[in-house]
Amino acid sequence: MAIEIEINGTSNADALYIANAPSPCRIRLASPTTENSTVTLSSRPAQPGGGQVVFYASRSQPSKENLDLTLPADGSWVSFEIGGKFGFPSVNDQDCLLVVNGIGDEITLPVMVRVRKNANNLTVGERDRFLEALFQLNLSGTGIYQNFRDIHVGPSDPEAHRGPQFLPWHRAFLLDIERELQSIDPSVSLPYWRFDEPAPRIFQSDFMGATQQVAQNGSASLAVFNSTNPLAAWVTDGVPGIRRSAVFDTATSPAPGPRGFPVLSQAQTLALGDLYADFDNMEDSPHGAAHVSFRGSISSVPLAVKDPLFFLLHANVDRLWALWQWLNERTNPQELETYTPENRDGRRLTDTMWPWNGVVTPPRPNFAPGGQLPGSPVTSSPGTMPMVQDMIDFQGYETPTARLGYGYDDIPYEFS
Ligand SMILES: [Cu+2]
């Protein structure tokens with residue numbers, strides 16, 4: 001007897017990607033019979049180290065390792081949800097099996113538990129798939145990576161920075177490039193750089209480039225890449241290379257920040273307070289202090305995106321916000337504790353955000369590169385012209401359909 005399963009609301013193979021937040025699924029008998037059937041759903045890795053999922057009969061119940069479902073004889077659908085099993089993300093595409101037992105032979109459906117991971121701990125395969133997709137976005141310095149450069153420039157600074165919208169705006173910016181990367185290779189997620197810990201494997205010639213140490217006011221030299229690293233051919237503004245030196249020893253130290261402006265640790269960042277108006281001071285430190293722990297492009301707003309390390313740094317900024325949200329259960333955009341708006345375009349909850357809204361009249365810049373936010377096969381959120389409030393409940397606690405389809409390897413879905 002055959003069954004049909006839909007993941008993320010579709011039977012399309014491009015939707016077989018699961019983050020930590022539950023994804024809507026359904027199952028049914030493919031052809032009507034005379035009796036109901038009982039099946040048991042479970043999960044196991046398709047290969048050693050592969051991903052695993054857990055099951056939710058409904059959102060209000062805790063996750064389970066196995067789920068028994070009764071499939072009606074008439075072939076009508078039965079809904080359930082699956083989410084990544086915390087601590088067991090995938091390493092490769094389709095390395096997690098969704099298993100159905102109870103009707104004839106065991107049926108398996110390969111999926112991927114796809115979450116953003118600590119860049120320092122990626123497998124060689126994960127690292128190289130990310131580098132290759134990144135390179136494809138910026139092929140010969142003429143790809144759509146230029147849009148991301150053109151979005152994060154001086155005239156757009158008030159749209160992106162120095163206010164409560166800093167975190168939501170950058171969440172959209174990261175989602176935009178991550179979806180572009182995934183359209184090249186759906187197994188890729190943005191990795192994050194934990195700038196408050198030594199990350200010796202990131203600053204190597206086979207990853208983001210060997211990075212020379214210089215004095216606080218020293219001048220930047222070019223990061224060094226292996227000839228086999230796609231980033232060895234990185235070009236921006238017609239100029240090859242990535243200009244970046246560090247004011248610290250990247251092999252042994254966390255990013256320190258410049259003298260008098262230390263990078264807050266994760267614990268210090270979370271201790272800024274449980275109110276958004278206090279927590280969003282993290283825009284200065286650790287965020288700003290991490291940027292200026294370098295000499296070169298990444299230390300200046302209009303040039304920062306020339307260096308793709310930008311996205312690893314900002315994935316960690318976003319992760320810190322996500323962790324703060326999870327620890328404090330800050331999921332409802334309507335609460336001031338969760339987001340504190342300012343009465344200015346792009347900063348209110350229901351304001352759309354530049355450049356995805358295409359608005360080119362003051363106070364917005366007179367240009368809007370890149371077009372609308374790309375969609376995703378796994379979720380319909382946040383739409384092509386996201387509002388500030390669409391970027392907050394990224395795991396869909398308040399509104400399941402609001403989930404943005406990504407997660408982090410060290411932030412669960414379920415509250416403890
Ligand atoms: Cu930044």
Side-chain angles (χ1 to χ4, degrees), residues 147-148 150-176 264 269-289 291 300-302 304-305 310 314 317-373 380-399 401-404:
N147 292 334
F148 294 93
D150 294 341
I151 290 170
H152 198 271
V153 289
S156 69
D157 198 31
E159 294 302 305
H161 299 110
R162 301 190 189 98
Q165 84 295 358
F166 164 72
L167 288 167
W169 188 92
H170 280 82
R171 182 166 281 178
F173 193 49
L174 295 187
L175 201 60
D176 190 340
L264 297 186
T269 304
L270 295 169
L272 286 168
D274 63 4
L275 304 179
Y276 188 81
D278 294 324
F279 179 75
D280 77 350
N281 288 317
M282 65 97 85
E283 183 178 355
D284 289 333
S285 182
H287 159 253
H291 272 284
S300 106
V301 168
V305 183
F310 175 96
H314 265 277
V317 169
D318 187 70
R319 186 189 65 87
L320 287 165
W321 181 29
L323 181 58
W324 176 89
Q325 292 183 302
W326 181 79
L327 287 167
N328 298 292
E329 300 191 21
R330 297 284 184 246
T331 59
N332 184 344
Q334 306 306 322
E335 294 172 352
L336 277 179
E337 295 89 337
T338 299
Y339 180 76
T340 313
E342 278 176 14
N343 188 23
R344 173 177 164 156
D345 288 350
R347 303 182 179 200
R348 305 171 196 94
L349 278 173
T350 54
D351 285 349
T352 55
M353 293 185 285
W354 181 94
W356 303 284
N357 58 11
V359 177
V360 291
T361 50
R364 263 65 191 248
N366 62 4
F367 56 96
Q372 299 179 334
L373 198 87
S380 58
S381 290
T384 55
M385 286 193 269
M387 295 182 283
V388 171
Q389 65 183 12
D390 297 328
M391 306 315 300
I392 293 171
D393 184 20
F394 81 102
Q395 299 210 90
Y397 295 99
E398 307 288 331
T399 312
T401 53
R403 83 201 151 79
L404 297 181

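FYI, side chains are in, hydrogens and waters are out, and symmetry mates aren't considered; it's all heavy atoms of this structure.
- Checking side-chain atoms of Asp390 against main-chain N and O of Met387 turns up a donor-acceptor pair under 3.5 Å.
- Of all non-hydrogen atoms in Ser156 and Val153, the two that sit nearest each other are OG-O, 2.8 Å.
- With hydrogens and angles disregarded, no donor-acceptor distance shorter than 3.5 Å links the side chain of Trp356 to the backbone of Gly383.
- The cationic atom of Arg330 (NZ for Lys, CZ for Arg) does not lie both less than 6.0 Å from the six-membered ring centre of Tyr276 and within 45° of the ring axis.
- Proximity of a side-chain donor or acceptor of Gln165 to a complementary backbone N or O of His161 within less than 3.5 Å is detected.
- Separating the CG atom in Asn332 from the CD1 atom in Ile392 is a distance of 9.0 Å, to the nearest 0.5 Å.
- One finds the CE atom of Met282 at 8.5 Å from the CG atom of Leu270 (value rounded to the nearest 0.5 Å).
- Considering all non-hydrogen atoms of both residues, Ala368 and Gly358 come closest at CB-CA, 4.0 Å.
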Show the numbers, then the answer: is there a side-chain contact (heavy atoms from CB on, under 4.5 Å) between Asp176 and Asn147?
CA-CA 11 Å; Asp176 190 340; Asn147 292 334; over 6 Å; no
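- A donor-acceptor pair under 3.5 Å is absent between the side-chain atoms of Thr331 and the main chain of Glu398, judged by distance alone.
- Between Ala304 and His291, the shortest heavy-atom contact is CB-CE1, 4.3 Å.
- For the pair Pro382 and Leu373, the tightest heavy-atom approach, listed with the atom from each and the gap, is CG-CD2, 3.3 Å.
- Distance check, rounded to the nearest 0.5 Å: CZ of Phe394 to OG of Ser381 gives 13.5 Å.
- Rounding to the nearest 0.5 angstrom, the gap separating the CG atom in Leu404 from the CZ atom in Arg171 is 7.0 Å.
- Across all their heavy atoms, Pro164 and Asp280 have their closest contact at CA-OD2, 3.4 Å.
- Residues Phe148 and His152 place their aromatic rings such that the two centres sit no closer than 6.0 Å.
- Side chain of Trp324 to backbone of Gly273: a donor-acceptor contact under 3.5 angstrom is found.
- With values rounded to the nearest 0.5 angstrom, Asp318 atom CG is found 11.0 Å from Leu323 atom CG.
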Could you walk me through whether Gln334 and Leu349 pass side-chain contact (heavy atoms from CB on, under 4.5 Å), step by step?
CA-CA 8 Å; Gln334 306 306 322; Leu349 278 173; 3.8 Å; yes
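- Counting only heavy atoms from C-beta outward, the side chains of Arg348 and Asp345 approach each other to under 4.5 Å.
- Side-chain contact check for Pro341 versus Leu336: some heavy-atom pair is nearer than 4.5 Å.
- The minimum heavy-atom distance between Pro158 and Pro155, with the atom names listed, is CD-O, 3.6 Å.
- At distances below 3.5 Å, at least one donor-acceptor pair connects side-chain atoms of Glu283 with backbone N or O atoms of Arg162.
- At a threshold of 4.0 Å, the pair Glu159-Arg364 counts as salt-bridged, since one of the basic side-chain nitrogens sits closer than that to a carboxylate oxygen.
- Side-chain contact check for Gln389 versus Thr350: some heavy-atom pair is nearer than 4.5 Å.
- The aromatic rings of His170 and Phe166 lie tilted to each other, with the angle between the two planes from 30° to 60°.
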Stepwise, does the side-chain contact (heavy atoms from CB on, under 4.5 Å) test hold for Ile151 with Trp354?
CA-CA 9 Å; Ile151 290 170; Trp354 181 94; 4.0 Å; yes
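- Here Leu167 contributes atom CG and His314 contributes atom NE2; the two are 9.5 Å apart, rounded to the nearest 0.5 Å.
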Passes side-chain contact (heavy atoms from CB on, under 4.5 Å), Gln395 versus Gln325? Steps please.
CA-CA 10 Å; Gln395 299 210 90; Gln325 292 183 302; over 6 Å; no
